[in-house]
Structure formats: C-alpha cells, structure tokens
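To start, the structure itself, in structure tokens.
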Amino acid sequence: MKPRATKPRSSKTAAVAAASKTANSANAGDDAYASRLLAWFDVSGRHDLPWQHPRTPYRVWLSEIMLQQTQVKTAAPFFERFVETLPTLPSLAAASLDTVLGLWSGLGYYARARNLHATAKLCVERHGGDLPRDIDALTALPGIGRSTAAAILAQAWDDRHAILDGNVKRVLSRYHGIAGYPGLPAIERRLWALAESHLPHARMTDYTQAQMDLGATLCTRSDPSCILCPLQHDCVARIEGRVAELPTPKPGKVAPQRHAQVLWLLDRNNRVLLQRRPPAGIWASLWTLPQSDDEDGAAQWFAAHVNGEFGDGEELAPIAHAFSHYKLELQPRRWRPVALRDSVRDNDDLRWFERAELAALGIPAPIRKLIESL
DNA sequence: AAGTCGGGGAG
DNA sequence: CTCCCAGACTT
C-alpha cells in the first residue's frame, strides 16, 4: 500500500498549470506545436486504447514495454491477455518467469519479459509494490530507459517529461527539418532538446499520447497525410518539400569496395574492342570492355590477345560505380592503335565495333560513358 | 558507435 | 525481398 508520490511538482510548474486551466484554455502559454497538437488530439486522437481504461501506472508501464519496437495493433491482444492473468504489479512479481514468458510468447524481444518480471520484483522489494514516481528511479529499473520512463510518468501521473520514441523522432525531424539519421547520438541530442522545448505546462498525459498518435496515424513513415496535419503550416519538411526524405533513413552497411582493370583497345579505324559478359552475374550478357580483377590479370589477358606492349597503355582516371551490394572502382587503360594477334578472331563474344554501332548495343552505363567520351 | 533481440506490417 | 516499428542493453 503506497501512500503517494515522492516527487511533488514544482510550485512554479503547478502555478502555470493552474493559471492555464483558469484561463479557460488548457493550452494557454504553450507554443503552437503543443497547442495545435492538443486541439487535434481532442478530435482525432486515440482515446480507446486498452491501457487507457483504466489508466493505472501498472497498465501504463506494461503497455509501454510491450510497445517498444512493436505496433499497437500487434501489442493490444497480448496486453489484454496479460492483464487478465496478472492484473497487478504484485501479481506479476509473484508469478513464475515461465508464466510471464508464456504470456509474452509470440511478441518477440523476450528480454522485455524478463526485465518486466525483474522490475516487478524490485518494485515489491524497494518501492512498496508500486512503480516509483521518479524519473531516475524508473530509469534505474531493468527495461526502462529515458523515453519509457518519461512516458510512464506523463501517462500515469501527468508529470512533465519529454518522450522521444520513433514517432516523436519522425514528427520532430520533419517539423524542424532535421537531417541526419535520428539514431546518431548527435542528432538524437538535438531531438531531445527540441522535445523538451515544446512541452506544454498542462495536459501532459494527452500531449504525450497526441504526439504518438500523430506519428502513428498521420505523420507516418511513408505517405504521410500532411493535408490533415495540424502542424502542416509550420512544418519545415512540408514547406520545403522534404517530407519524403525526412527523417534520414538508417545508413546501410558500408558496401565493400572492389576494383577492376578495364582494357580499352582501339584499332587503326578507331573501332573499339568489346567483350560479351557471361550470361550470369553482374552485367550479365552485356557488351563491355575486356575486364580483369587486377593488373596482373589484365597484363596476361593483353599478352594473350594483343600484339603490343601492355606498358604502352595510357592509364586513365578511375571510374567509381555503385551497385546495391558493393562499390566498384574501374581502372581504365587505353591503347591506340593496336591489333589483335592472328590467333584471335572476332567471334560472338569478342568483336571490334564501329562507333556508330554502339548505340544499339547493351553496354553498362559507366562503360558507355567512358568509350563515348572520346 | 555498432550489434543484438523478433515478430509483423508496409511497400 | 528490405526496411521499420511506443527501445534498451551489451560489446
């Protein structure tokens, strides 16, 4: 039995909140972001989520943990089943880990269930069977980070703390036109500061829910409904036409860098020697310049096919080309004029081509650009 | 700063 | 198929 909270609201905050309410406008004094968001929430927010009725600290906490990296639609049925079996924090603490994991089965990220159970037991030991109403005490518990702790306090107690989950990151990135992957510490610091800067002085429960509702229903990752958005007129991304490119997506793994030698042979008539690629693999069956993985391979190919000195070749500027899974740097070398050995004949896979014939051939873009540059 | 955990939804 | 989602934690 826990008498009550350990963390009283500051007198200044309380005074502002009271003033706001008496002003007959819960948003008085707050910035446009918060005011418009709250007005929108009253009409279009989600007011019937399972953990909102009743909205107890235990149910709020459980929902926040379930919703980590999990969408509302997925989590909702698990939440209903969980609270039906374990309706209170002490009942969770008294349950076996097997029972908890059983209720979690199918949700994924099972460390969340282990941490949930551990936190329940810690709360019984340290906090009289309740969650602490203190941001630092909450953050110290397993599975509760800064954003989750803030969400619990705002949702359960109406306390004034900023959250920064995926929804808020997306909304703020767009609203302020913040480029850079939000997972990067430098970007995340800026977003936290912006989240703090917009906090209203009243209605924190609704405000917190409103941000998540906006992110989940309007300001979605792809194809957001800007036309319905209460923030559209101040949204930098909207104004500058950058909605589709913000927030900056997670950078892919660095593509491996590969190298290749390219042999550019021209005969007396300025014809170019092209070779057909194998029917499988990169540039399958396209015509391209003879190519080798390294300089030794290129020299060997040259010696076997061409009358002349490999060393006479003119080393040209490297060409960078990006594929989806690796980056290729092509090192071209040019010889002109040059002739093939008598033993080498034109055939289906290796031919001299007139310049005028090139347009009709399937040639990789970087190679075409190179040989047509002459 | 990057990797790990996971099932599900969207494109 | 890939990418992302009401993140936190470990390396």
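Chain letters run A, B, ... following the sequence lines, proteins first and then strands; every chain starts at 1.
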Between C:dC5 (P) and A:Glu64 (CD): distance, integer Å: 16 Å
Length of the CG-C1' vector between A:Leu184 and C:dG7, whole Å: 16 Å
For nucleotides B:dG6 and C:dT11, find the distance between their P atoms and express it as a whole number of Å. 15 Å
Same-atom distance (C1') from C:dA8 to B:dG9, integer angstrom: 22 Å
Is A:Lys73 touching bases, backbone alone, or none of the nucleic acid, heavy atoms closer than 4.0 Å? nothing
What is the distance, to the nearest angstrom, from the CZ atom on A:Arg146 to the P atom on C:dA8? 11 Å
Measure from the side chain of A:Asn115, starting at C-beta and using heavy atoms only, and say which of B:dA10, B:dG6, C:dC9 lies closest. C:dC9
Comparing nearest nucleotides in DNA chain C, the 5'-proximal residue of the pair A:Asp165, A:Thr139 is A:Asp165
Is the shortest side-chain N/O distance from A:Gln71 to OP1 or OP2 of B:dG9 below 4.0 Å? no
So, A:Trp104 versus A:Phe78, ring centres under 6.0 angstrom or not? no
Rounded distance (Å) that lies between atom P of C:dC9 and atom OH of A:Tyr109: 13 Å
Answer with base, sugar-phosphate or nothing: what part of the nucleic acid does A:Leu141 contact at a heavy-atom distance below 4.0 Å? sugar-phosphate
Between A:Tyr110 (OH) and B:dC5 (C1'), how many Å, whole number? 11 Å
Quick check for you: to the nearest 0.5 Å, what is the distance between A:Asp158 atom CG and A:His161 atom NE2? 10.5 Å
Whole-Å distance separating the OH atom of A:Tyr181 from the P atom of B:dA2: 10 Å
Within the structure shown, what part of the strands sits under 4.0 Å from A:Gly106 by heavy-atom distance: base, sugar-phosphate, or nothing? sugar-phosphate
Value in whole Å for how far the P atom of B:dA2 lies from CD1 of A:Ile187: 13 Å
Please determine if A:Arg146 forms a cation-pi arrangement with A:Trp192, meaning its NZ or CZ atom is less than 6.0 Å from the six-membered ring centre and no more than 45° off the ring axis. yes
Identify whether the distance between the nearest side-chain nitrogen and carboxylate oxygen of A:Asp42 and A:Arg203 falls below 4.0 Å. yes
Over all strands shown, is A:Trp51 touching base, sugar-phosphate only, or nothing at heavy-atom distances under 4.0 angstrom? base
Would you indicate which nucleotide in B:dG6, B:dA10, B:dA1 comes nearest to any side-chain atom of A:Pro185? B:dA1
Pick the closest DNA chain B nucleotide for A:Arg112 and for A:Asp223 by heavy atoms, then say which residue is nearer the 5' end. A:Arg112
Atom CH2 of A:Trp287 and atom CG of A:Asp349: how far apart are they, to the nearest 0.5 Å? 6.0 Å
Ring-ring centroid check A:His198 A:His176, cutoff 6.0 Å: yes
Rounded to whole Å, please give me the gap between CZ in A:Phe78 and P in B:dG6. 13 Å
Check every atom of B:dG6, B:dG9, C:dA8 against the side chain of A:Thr148 and return the nucleotide holding the closest atom. C:dA8
For A:Gln69 and for A:Lys250, find the nucleotide of DNA chain B with the closest heavy atom, then tell me which residue's nucleotide is more 5'. A:Lys250
Tell me what A:Gln209 touches on the nucleic acid: a base, only sugar-phosphate, or nothing, going by heavy atoms under 4.0 Å. base
Reckon A:Arg114 touches a base, only the sugar-phosphate, or nothing at all at heavy-atom distances under 4.0 Å? nothing
Would the distance check show the side chain of A:His117 and the main-chain N or O of A:Ala95 forming a donor-acceptor pair, the cut-off being under 3.5 Å? yes
Please pick, from C:dC4, B:dG9, B:dC5, the nucleotide with the shortest atom-to-atom distance to any side-chain atom of A:Pro249. C:dC4
Can you find a side chain N or O atom of A:Arg221 that sits less than 4.0 Å from OP1 or OP2 on B:dG11? no
Among C:dC4, C:dG7, B:dA1, the nucleotide that comes nearest once only the side chain of A:Gln68 is considered: C:dG7
Polar side-chain contact A:Thr70-B:dG6 base: donor and acceptor under 3.5 Å: yes
Would you mind telling me which of B:dC5, B:dG8, C:dA8 lies closest to the side-chain atoms of A:Ser147? C:dA8
How is A:Ile163 classified with respect to the nucleic acid when contacts are heavy atoms under 4.0 Å: base, sugar-phosphate, or nothing? nothing
